Asker: 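What follows is a structure written as structure tokens; I'll ask about it next.
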Amino acid sequence: MIEMHDIWKTYADGTHALRGVSVRIDRNEFVYLVGPSGAGKSTFMKLIYREEIPTKGQISVNGFNIGKLKPRKIPYVRRNIGVIFQDFRLLPKLTVYENVAFAMEVIEAPRRIIKKRTMEVLELVGLKHKHASVPSQLSGGEQQRVSIARAIVNNPSVIVADEPTGNLDPETSLGIMNLLEEINFRGSTIVMATHNRDIVNSMRKRVIAIEDGNIVRDEARGEYGYEV
Ligand code: ADP
Ligand code: ADP
């Protein structure tokens, strides 16, 4: 569960990215974050995966007050959160297998378990047969599938996705959304920022709209709601 209470985020240059955001996202929800560029969506997500800390207010993820986390507890909290980016962020010199296994090596999982689990998630995303390829040999959709495999390999309770279909064509995007739905069905909470109107309108999930650092709309079965 994710809870924010009166969260403010002001960057070092004085930009107010979030201005008093309060929200609760329950276990196993699927939430779309929408709103114009610069509205504060990425900041909202960075606070969840503790890339940034709030200037003011409280945020808890799975019961941890992550604004005030002791440094030694950060890795423990982070492994429970998978992150997916628009630009995939794979390591170009590592194979598909190594890119995914790396996330388990970081948390010092036993070798035998790393091998079994890595192949298992590669199968789930439909890329077992590409385990020995490097990212440059894959299409954009395939690279995003690898990054999804990497995000879920440690069984996180929360997945944060920042415009995961932003670089993909509509058909490929649909495949990625089906995969994210499957992952949500298997028990992960998903928070996804998107500008993809068709996806939001066809899936009818919870929609939170952020504008100028405030939540301006929060609907259980929402629509995209913007013209472009
Ligand atoms: P969105 O994801 O909705 O486009 P962001 O959360 O990236 O919005 O940005 C919100 C506001 O904060 C914008 O005005 C942006 O320019 C600003 N911002 C984001 N990151 C930083 C940073 N590291 N330093 C200063 N300003 C930032
Ligand atoms: P897209 O048209 O979706 O961008 P590509 O034309 O890049 O896809 O690739 C089509 C298929 O061929 C994909 O399955 C991709 O993994 C494979 N492929 C592309 N380039 C290579 C390569 N250099 N080595 C191996 N497989 C490749």
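As the structure is a computational prediction, the values presented were derived from the model and not from experiment. Numbering starts at 1 and runs along the sequence shown. First listed ligand is number 1; within each ligand, the first listed atom is number 1.
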Asker: Please report whether atom 16 (O) of ligand 1 has a protein non-hydrogen atom at a separation of less than 4.0 Å.
Answerer: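 Under 4.0 Å from atom 16 (O) of ligand 1, zero protein heavy atoms found.
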Asker: Would you kindly specify which portion of P36 sits under 4.0 Å from ligand 1, judged on non-hydrogen atoms: side chain, backbone, both or neither?
Answerer: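 Within the 4.0 Å criterion, P36 contacts ligand 1 through backbone atoms alone.
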Asker: What heavy-atom pair brings A193 and P164 nearest, and what distance separates the two atoms?
Answerer: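 Taking every non-hydrogen atom into account, O-CD, 3.8 Å.
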Asker: Within ligand 1, which atoms have a heavy atom of G38 less than 4.0 Å away?
Answerer: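 Checking each atom against G38, I get 1 (P), 3 (O), 4 (O), 8 (O), 10 (C), 11 (C), 13 (C), 14 (O).
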Asker: Identify, by atom number and element, the atoms of ligand 1 in contact range of K41, meaning under 4.0 Å from any of its heavy atoms.
Answerer: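 The list of qualifying atoms is 1 (P), 2 (O), 3 (O), 4 (O), 6 (O), 8 (O).
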Asker: With a cut-off of 4.0 Å, which atoms of ligand 1 are near a heavy atom of A17?
Answerer: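 Per the distance check, 10 (C), 11 (C), 12 (O).
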Asker: So, T15 and D13: side-chain donor and acceptor under 3.5 Å apart, yes or no?
Answerer: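 Judged by distance alone, the side chains do pair up.
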Asker: Anything under 30° is parallel, anything over 60° is perpendicular, the rest tilted; go ahead and classify F30 against Y32.
Answerer: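 Because their plane-to-plane angle lies in the 30° to 60° range, the rings of F30 and Y32 count as tilted.
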Asker: For atom 21 (C) of ligand 1, is the nearest protein heavy atom closer than 4.0 Å?
Answerer: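 Yes, there is a protein heavy atom closer to it than 4.0 Å.
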Asker: For atom 5 (P) of ligand 1, what is the closest protein heavy atom, and at what distance to 0.1 Å?
Answerer: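 Residue, atom and distance for the closest contact: T43 OG1, 3.7 Å.
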Asker: Starting from atom 8 (O) of ligand 1, find the nearest protein heavy-atom neighbour and note its residue, name and distance.
Answerer: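 The closest one turns out to be G40 N, 3.1 Å.
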Asker: Could you list the atoms of ligand 1 found under 4.0 angstrom from a heavy atom of S37?
Answerer: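 Ligand 1 atoms under the 4.0 Å threshold to S37: 4 (O).
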Asker: Of all the atoms in ligand 1, which lie at a distance below 4.0 Å from a heavy atom belonging to S42?
Answerer: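 Matching atoms, with element in brackets: 1 (P), 2 (O), 6 (O), 7 (O).
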Asker: Using a 4.0 Å cut-off to any heavy atom of A39, which atoms of ligand 1 qualify?
Answerer: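 This gives 1 (P), 3 (O), 8 (O) as the contact atoms.
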Asker: If you compare all heavy atoms of G82 against all heavy atoms of P156, which two are closest, and at what distance to 0.1 Å?
Answerer: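 So the two residues come closest at N-CB, 3.6 Å.
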Asker: With no hydrogens and no angle check, just 3.5 Å: does a side-chain donor-acceptor pair link T43 and Y11?
Answerer: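 Present: a donor and an acceptor within the cut-off.
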Asker: Got more than 12 heavy atoms from elsewhere within 6.0 Å of CZ, F102?
Answerer: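 Counting other residues, nucleotides and ligands, CZ of F102 stays at 12 neighbours or fewer.
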Asker: With distance as the sole criterion, is a donor-acceptor pair present between the side chains of D162 and S42 under 3.5 Å?
Answerer: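 Checked: D162/S42 side chains pair up, N/O donor to acceptor below 3.5 Å.
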Asker: So which bit of T15 gets within less than 4.0 Å of ligand 1, heavy atoms only: side chain, backbone, both or neither?
Answerer: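 The answer is the side chain.
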Asker: Which heavy atom of the protein is the closest neighbour of atom 26 (N) of ligand 1, given with residue, atom name and distance?
Answerer: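 For atom 26 (N) of ligand 1, the nearest protein heavy atom is Y11 CD1, 3.4 Å.
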Asker: Where do R145 and E142 land on the salt bridge (charged side-chain N to carboxylate O under 4.0 Å, His left out) test, with the steps shown first?
Answerer: CA-CA 5 Å; R145 284 172 184 274; E142 289 172 328; over 6 Å; no
Asker: Can you confirm whether more than 12 heavy atoms, excluding those of K56, are under 6.0 Å from its NZ atom?
Answerer: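 Count over threshold, so yes.
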